[in-house]
There are 2 protein chains.
Amino acid sequence: MSRHSGVNRATIKQVARLSGVSIKTVSRVINGAVYVSAQTRRSVTDAINRLNYRPNALARGLVTRRSRSIGLVIADIVNPFFPPFVRSVEDAAAARGYNVILCDTDEDRGRERAAISLLLEKQVDGLILCASRLPAAFLMAVADSGILLVLVNRVLRHPRAAAVVVDAAEGGRRATAHLLDLGHRRVAYLSGPATSFSHIGRLRGYRQALDARGIAFDPEIVAGGAASIVAGGEAAAKLMSLKRPPTAIFAFDDLMAIGAMEDLRRQGRRVPGDVAVVGFDDIDMAAFVAPPLTTVAQPKAEMGRLAAARLLEMIKTSSPPSPRTVTLTPELIIRRSCGWYKEAAT
Amino acid sequence: MSRHSGVNRATIKQVARLSGVSIKTVSRVINGAVYVSAQTRRSVTDAINRLNYRPNALARGLVTRRSRSIGLVIADIVNPFFPPFVRSVEDAAAARGYNVILCDTDEDRGRERAAISLLLEKQVDGLILCASRLPAAFLMAVADSGILLVLVNRVLRHPRAAAVVVDAAEGGRRATAHLLDLGHRRVAYLSGPATSFSHIGRLRGYRQALDARGIAFDPEIVAGGAASIVAGGEAAAKLMSLKRPPTAIFAFDDLMAIGAMEDLRRQGRRVPGDVAVVGFDDIDMAAFVAPPLTTVAQPKAEMGRLAAARLLEMIKTSSPPSPRTVTLTPELIIRRSCGWYKEAAT
DNA sequence: CTGTTAGCGCATTCAC
DNA sequence: GTGAATGCGCTAACAG
């Protein structure tokens, strides 16, 4: 066994020797270049196969200044929102010969910073940051250093940054309006992580919908703080113990909504009979819980596809993205957790 | 803007010049080496910060022959089995300064081959292959080329390969025995992908449990072929249209089980009243569907943690893994999809 | 404690 | 059409 793990890794030099041509010629056939006689090409490819030669992407990247890898920074792959998203960026990347290096941050700024730093050292050609929690100044500095950025559900004004966002406020408005249309007047909001831009947008939409009906915003029926099933359950428990509990709940995401429904059931309350619930994201599970969850769908796969396509395009042309931001509109999926819906007047 | 995307990437040479020491000294402080005077170290770190210098991992890897990246090849991150698994390998890798490059194969041999090839070019220090579908001879060749391998739910006799497996046959036996204990005599099996080692093992366990009670195996009540909700629904529909439909179903995985329950409900059959159902994996959703699904749990996070730990250890010591294979035992989680369970005699 | 000299594997001017 | 020489950014002997 030679020095490290590599045992018989052939180099371009060996291929050149075996096929009796120069290194440059080998390089030409590898990179599909023109101007190589069919015969030469054949003898080279033969040698490549005989030696089981594989170009070293590290060496190649060092000289071309391109790694053909992109970094993907997300909160937590275990959150069902992410798999479809990740999957579609991966497919788009793979289709163009790119690899994706995945990093979870758990919404922790320190971890996010560390992940970005490592990714930069690895010379990724670009970065997709999903719902980054980092200060804009920091992200600006990152972009200044020359890397290409695509943000998801957040924007950044920088010539090397683009964004894919879904209109969170619109989603919040639709969810809340739906509940209001059903006749509810006391609609609670289960808040997500305080620093999340999505949370801020959804909360804004919630308030706007309330305003539009002349219903006062009541901070007492806003609870939560973390996007998880247990956090949703706890928040629901807290809300239902109020003197004037809500009759409907709009949750920051499906996980919280499911936790809330779980807790409601434990308390002997019926959904939607006693309390109506709306979630956000439309994760796969939403259609299978009992009752099936009404929710605001984010086009997860489309978001991933777009984010990757934009980044790859920026890498290819090394020109600023245009338009800088593309905005997607979330859609209300009506299932059973809010009761029967009689096309009410708005 | 300089040639490519990099704008002001400082090099070690610039750091050396600015801090007035040699390149080697800079290299020493970066790599936390000993033998650098405190003063020199300070002036170097100052220069590093001033220039916002970041070592180029490509260049470093080229000479050290270590990329500090590992490749993770899975079937599909959208399958809920994988996120907890992926997450825990990532955490383990990140804790040691490693990155993970994720590749989905959709259980397609061609894609798996392509992914491995790309990963090898990228000079990953090791590979985690989850339920690889590739011929053993191919994997042997891959390992022969010098790369370190950890297989999940599959074994390979090679000095550079280790494995983490959960005892699929045992899982199949437990699931089937549970149904038999409940009094069922006509238990169907919803098969997974034919080439999957997990499927083969679970099927074997199913047959063994049947044998142990002297019940004949009936190929008529084995259907399926793909691990998905819709495939599960279709297979269930097919089974229930038989002249002698089963009274219980053991599904290859939870997704198929959920699809089956969905279809059963659509047909007006009750679970567990008319048909009992057992799944496999214990995905998060399993606890929240109606009725909550009884299933055989695979320790997903533990599997990921172990796989990563083993690989990282092999990379560090470049010595063969020991023991070559670690086997985990799956556990039956009894919920509501099989009806009331009265601790029957086995 | 620190600097000098090579060279990792590859792509790229230039010649021929 | 093809070859020889140069260097990407970094670490590793080996001196001093």
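Comparing the local axis fitted to the first five base pairs of the helix from C:dC1-D:dG16 to C:dC16-D:dG1 with the one fitted to its last five gives a bend of 30°, rounded to 10°.
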Taking only N/O atoms, report every protein-nucleotides 11-14 of chain C pair under 3.5 Å with atom names and distance.
from, atom 1, to, atom 2, distance (Å)
C:dA11, OP1, A:Asn31, ND2, 3.3
C:dA11, OP1, A:Arg60, NE, 2.8
C:dA11, OP1, A:Arg60, NH2, 3.4
C:dA11, OP2, A:Ser27, OG, 3.0

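For A:Lys300, there are no side-chain hydrogen bond (donor to acceptor under 3.5 Å, both in side chains) partners, not counting sequence neighbours. Applying the salt bridge (charged side-chain N to carboxylate O under 4.0 Å, His left out) rule to B:Glu121 yields no partners; only residues at least two apart in sequence or on another chain are considered. A:Arg87 pairs by the side-chain hydrogen bond (donor to acceptor under 3.5 Å, both in side chains) definition with A:Asp91, B:Asp76, B:Asp106, not counting sequence neighbours. With sequence neighbours left out, the side-chain hydrogen bond (donor to acceptor under 3.5 Å, both in side chains) criterion links B:Glu313 to no other residue. Judged as a salt bridge (charged side-chain N to carboxylate O under 4.0 Å, His left out), and not counting sequence neighbours, B:Arg54 has no contacts. Residues satisfying the side-chain hydrogen bond (donor to acceptor under 3.5 Å, both in side chains) test with A:Asp104, not counting sequence neighbours, are none.
The separation between B:Lys122 atom NZ and C:dG9 atom P is 19 Å, rounded to whole Å. At whole-Å resolution of the value, CD in B:Gln123 and P in D:dC10 are 18 Å apart. Atoms NZ (B:Lys13) and C1' (C:dG3) sit 15 Å apart, rounded to a whole Å. One can place CD of B:Gln14 at 11 Å from P of D:dC8, the figure rounded to the nearest angstrom. At whole-Å resolution of the value, CZ in B:Arg66 and C1' in D:dC10 are 16 Å apart. Distance B:Asn56 CG to C:dC8 C1': 13 Å, rounded to the nearest Å. Between A:Glu121 atom CD and D:dT11 atom P the separation is 10 Å, expressed in whole Å.
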Taking only distance into account, with no hydrogens and no angle test, what donor-acceptor pairs under 3.5 Å do side-chain atoms of residues 133-142 of chain B form with protein atoms, sequence neighbours excluded?
from, atom 1, to, atom 2, distance (Å)
B:Arg133, NE, B:Thr195, OG1, 2.9
B:Arg133, NH1, B:Ala131, O, 3.1
B:Arg133, NH2, B:Glu107, OE1, 3.4
B:Arg133, NH2, B:Glu107, OE2, 3.4

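Between A:Glu302 and A:Arg305 there is a salt bridge, since at least one side-chain N of the basic residue sits less than 4.0 Å from a carboxylate O of the acidic one.
Note: B:His158 NE2 to B:Leu148 CG = 10.0 Å, rounded to the nearest 0.5 Å.
Listed pair A:Arg65 / D:dG9 meets the phosphate criterion, a side-chain N or O lying under 4.0 Å from OP1 or OP2.
Closest to the A:Leu62 side chain, of the nucleotides C:dC10, D:dC8, C:dG3, is D:dC8.
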